[in-house]
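Chain A is the first sequence line, chain B the second, and so forth, proteins listed ahead of strands; every chain is numbered from 1. What you see below is based on every heavy atom in this structure, not just the backbone, and it leaves out hydrogens, waters and symmetry mates.
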Amino acid sequence: MSKAITSQNTDYSKWYNDIVINANLADHSAVRGCMVIKPYGYAIWEKMQQTLDKMFKETGHVNAYFPLFVPKSLFEAEEKNAEGFAKECAIVTHYRLKTNPNEKGKLMVDPEAKLEEELIVRPTSEAIIWNTYKGWIQSYRDLPILVNQWANVVRWEMRTRLFLRTAEFLWQEGHTAHATKEEAIIETKKMLDVYANFVENWMAMPVVKGVKSANERFAGAEDTYTIEAMMQDGKALQAGTSHFLGQNFAKAFDVKFLTKENNLELVWATSWGVSTRLMGALIMSHSDDKGLVIPPKLAPIQVVIVPIHKGAEGLTKISNIVLPLKEKLEQKNITVKFDDDDAQRPGWKFAEYELKGVPVRIAIGERDLANGTVEIARRDELTKEIVSINELDIYIENLLINIQQNLLEKAKKRMTHFTTKVDSYQDFKKTLDEKGGFVLAHWDGTSETEEKIKEETKATIRCIPLNNTPEKGLCVYSGKESTQRVLFARAY
RNA sequence: CGGGGUGUAGCGUAGCCCGGUAUCGCGCCACAUUUGGGAUGUGGAGGUCGUCAGUUCGAAUCUGGCCACCCCGACCA
């Protein structure tokens with residue numbers, strides 16, 4: 001009972017924090033705003049990485065690595081991008097410490113060791129990468145460049161939350177260079193689809209694909225595409241973005257290529273990324289008051305087997321049944337843990353693996369040995385049933401698929417529930433306050449209206465959905481004419 | 001970065017107002033009995049009271065700086 005989790009209804013933020021800490025995903029560190037990702041949390045991230053990395057490779061991308069530091073002069077080259085990130089940059093100004101003559105055993109910054117030019121710790125890598133691409137690209141034959149990097153970045157946030165917003169975070173950033181605008185736009189949308197596919201089919205979260213409004217657009221982009229997810233508390237979360245960067249960075253870094261026709265032209269660019277923030281999304285999508293719920297495809301442990309026995313001989317009898325079963329499951333690429341640790345009793349283990357979100361639990365005791373059965377508990381529905389041990393591997397295999405689907409179905413229902421069409425500003429505010437979720441409303445297309453709405457309701461335009469059907473209407477705020485509804489929500 | 005709150009053993013806490021080196025529960029270690037939903041008994045280990053300085057004969061307790069976390073605002077993936 002030492003690991004009590006605050007219930008979602010009592011305090012959603014506290015619940016979220018309790019899950020992260022108690023399920024051993026991450027911890028606060030000694031560094032302000034930075035977290036320690038613990039082995040169990042990192043194992044989930046690694047599964048995400050592996051899956052995404054494979055998807056990137058399948059779409060023709062290769063990995064590379066660029067420096068953590070960006071010289072200030074490069075950083076400021078693309079003006080809008082630089083301005084957008086200026087307020088949250090960490091800056092290296094010195095390169096050496098020395099012993100403090102006034103305080104024994106202490107170090108101080110050596111004033112002699114000031115850098116000629118400050119180095120910016122990357123908040124994103126467009127600048128350093130496009131400076132590099134300049135040297136890589138001369139002819140249309142050098143294009144496209146389809147590079148991804150797995151890296152850490154630093155954004156000095158005012159307020160941080162584990163996984164959702166930390167000063168340093170892990171992500172991948174794809175940076176591509178193309179000969180034509182069309183090709184770059186196709187790439188931007190393709191990678192958005194990759195993200196949507198991953199989030200829906202691995203994380204079991206439905207998303208709305210869309211384009212950001214000018215206000216919410218990535219600094220330096222022509223267009224920002226996004227996938228927006230809906231959390232259990234009715235708040236939206238941007239799960240991934242893909243940017244069509246136009247020729248902005250090519251201009252800033254003078255990256256030109258010769259076409260087949262021998263004309264010198266500017267290169268077209270995209271960039272796209274998802275981060276450890278996905279961990280936060282995963283938690284807030286499926287988990288409950290008993291702890292974490294992980295979709296089978298991302299679970300570091302998919303099946304845990306808990307023996308219930310009396311004495312050492314009892315355990316041996318059970319192990320004789322369990323070990324071959326474990327092997328059979330592993331042959332089907334199912335990750336199994338047989339927890340035969342005698343220090344904890346079964347009830348404790350049940351609670352522990354529920355807290356950690358293991359999708360399937362198999363309990364096996366004397367009674368089962370006699371009957372040729374096991375008890376199967378599924379984490380998503382918290383139900384239990386007695387199942388014959390014969391062909392259990394096939395049963396489990398199907399159960400995992402079933403749980404994966406069930407989680408997605410539940411999340412889809414939630415998104416449907418949390419999507420409301422409104423036609424007046426009064427309903428708009430009422431829906432946000434009483435129900436939350438996405439609000440589909442007409443908008444006149446101006447930044448001023450968007451800002452006013454944000455000021456008054458804290459809701460932002462999450463995106464203009466890609467699958468929008470045109471529909472004539474009047475802006476809920478200004479009453480001006482509008483051609484389509486856009487997606488508003490309060491967001492993380 | 002502004003307003004409010006918190007920091008005592010791995011975790012949760014009492015003590016603080018009214019200064020005299022610390023309470024309880026969980027966890028941990030040993031042994032025994034246990035094992036189908038977070039076991040029980042007995043014995044034991046563990047604390048420079050966030051940190052640095054000040055006041056004092058003496059500081060968890062009073063004062064100040066710093067650090068971290070939580071809540072609310074501005075910023076943001």
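What separates CG of A:Leu162 from C1' of B:rC71 is a distance of 15 Å, to the nearest Å. What separates CD1 of A:Ile21 from C1' of B:rG10 is a distance of 13 Å, to the nearest Å. B:rC11 atom C1' lies 13 Å from atom CG of A:Asn24, rounded to whole Å. Atom CG of A:Asp368 is separated from atom P of B:rU35 by 16 Å (rounded to the nearest Å). Rounded to whole Å, the distance from CD1 on A:Ile5 to C1' on B:rC26 is 16 Å. Atom CG of A:Leu355 is separated from atom C1' of B:rC11 by 14 Å (rounded to the nearest Å). When rounded to the nearest whole Å, the span between CG of A:Asp11 and P of B:rC71 equals 7 Å. Following rounding to the nearest Å, A:Glu352 (CD) and B:rC11 (C1') show an atom-to-atom distance of 14 Å.
Take A:Asn197 and apply the side chain to side chain donor-acceptor pair (under 3.5 Å) test, not counting sequence neighbours, and it matches A:Asn201. Every residue meeting the ring-ring contact (aromatic ring centres under 6.0 Å, His included) condition with A:Phe218, not counting sequence neighbours, appears here in chain and number order: A:Phe85, A:His243. Taking the ring-ring contact (aromatic ring centres under 6.0 Å, His included) definition, one finds that A:Trp15 meets it with A:Tyr12, sequence neighbours left out. Scored by the salt bridge (charged side-chain N to carboxylate O under 4.0 Å, His left out) test, A:Glu456 finds no partners at all (sequence neighbours excluded). Residues passing the side chain to side chain donor-acceptor pair (under 3.5 Å) test with A:Thr276, sequence neighbours excluded: none. Residues forming a salt bridge (charged side-chain N to carboxylate O under 4.0 Å, His left out) with A:Lys54 (at least two apart in sequence, or on another chain): A:Glu58.
Taking for each of A:Ser275 and A:Lys384 the nucleotide of RNA chain B with the nearest heavy atom, the 5'-most of the two is the partner of A:Lys384. Positionally, the nearest nucleotide of RNA chain B for A:Gly311 lies more toward the 5' end than for the other of A:Gly311 and A:Lys349.
The P atoms of B:rG10 and B:rG47 are separated by 8 Å, rounded to the nearest whole Å. For B:rG36 and B:rC31, the C1' atoms lie 26 Å apart once the distance is rounded to whole Å. If you take atom C1' in B:rC11 and the same atom in B:rC28, they sit 12 Å apart, rounded to whole Å. Using atom C1' as the reference point in both B:rC49 and B:rA60, the two lie 4 Å apart (nearest Å). Rounded to the nearest Å, the gap between the C1' atom of B:rA22 and that of B:rG46 is 14 Å. For B:rG7 and B:rU13, the C1' atoms lie 12 Å apart once the distance is rounded to whole Å.
In this structure, A:Gly240 reaches neither bases nor backbone, as no heavy-atom distance under 4.0 Å exists between it and the strands shown. Using a 4.0 Å heavy-atom criterion, one finds that A:Thr166 contacts the bases of the nucleic acid, with or without backbone contacts as well. In this structure, A:Leu237 reaches neither bases nor backbone, as no heavy-atom distance under 4.0 Å exists between it and the strands shown. Among the heavy atoms of the strands, none lies under 4.0 Å from A:Glu228. Within 4.0 Å of A:Arg161, counting heavy atoms only, lies no atom of the nucleic acid at all. Here A:Phe218 lies out of heavy-atom contact (under 4.0 Å) with every strand.
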Please table the atom pairs, donor to acceptor, closer than 3.5 Å between any side-chain atom in residues 32-50 of chain A and protein atoms at least two apart or in another chain.
{"unit_1": "A:Lys38", "atom_1": "NZ", "unit_2": "A:Asn24", "atom_2": "OD1", "d": "2.6"}
{"unit_1": "A:Tyr40", "atom_1": "OH", "unit_2": "A:Lys356", "atom_2": "O", "d": "2.7"}
{"unit_1": "A:Lys47", "atom_1": "NZ", "unit_2": "A:Ala299", "atom_2": "O", "d": "3.3"}

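In RNA chain B, runs of at least 3 consecutive Watson-Crick or G-U pairs, each pair with both distances below 3.5 Å, span B:1-7 with B:67-73, B:10-12 with B:24-26, B:28-33 with B:39-44, B:50-54 with B:62-66.
Every pair passing side chain to side chain donor-acceptor pair (under 3.5 Å) that includes a residue from residues 148-164 of chain A is listed here, sequence neighbours excluded: A:Asp53-A:Trp150, A:Asn63-A:Asn148, A:Arg122-A:Asn152, A:Ser125-A:Gln149, A:Asn148-A:Gln172, A:Gln149-A:Glu173, A:Asn152-A:Glu168.
Geometric assessment of A:Lys235 against the ring of A:Tyr492 yields a positive cation-pi assignment under the 6.0 Å and 45° thresholds.
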Restricting both atoms to N or O, compile the protein contacts to nucleotides 64-69 of chain B shorter than 3.5 Å, with distance only.
{"unit_1": "B:rA68", "atom_1": "OP2", "unit_2": "A:Arg32", "atom_2": "NH1", "d": "2.6"}
{"unit_1": "B:rC69", "atom_1": "OP1", "unit_2": "A:Gly33", "atom_2": "N", "d": "3.3"}

Between the protein and nucleotides 73-75 of chain B, list every N/O to N/O distance that falls short of 3.5 Å.
{"unit_1": "B:rG73", "atom_1": "OP1", "unit_2": "A:Lys458", "atom_2": "NZ", "d": "2.4"}

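Scanning residues 285-308 of chain A for heavy-atom distances under 4.0 Å to RNA chain B yields A:Ile308.
Within the 6.0 Å centre-distance limit, the rings of A:Tyr425 and A:Tyr477 are counted as a close aromatic pair.
For A:Gln344 and B:rG37, the shortest distance from a side-chain N or O to OP1 or OP2 is not below 4.0 Å. Between A:Ser13 and the phosphate of B:rC71, there is a side-chain N or O to OP1/OP2 separation shorter than 4.0 Å. When the side-chain nitrogen and oxygen atoms of A:Arg367 are compared with OP1 and OP2 of B:rG36, none of them lie within a distance under 4.0 Å.
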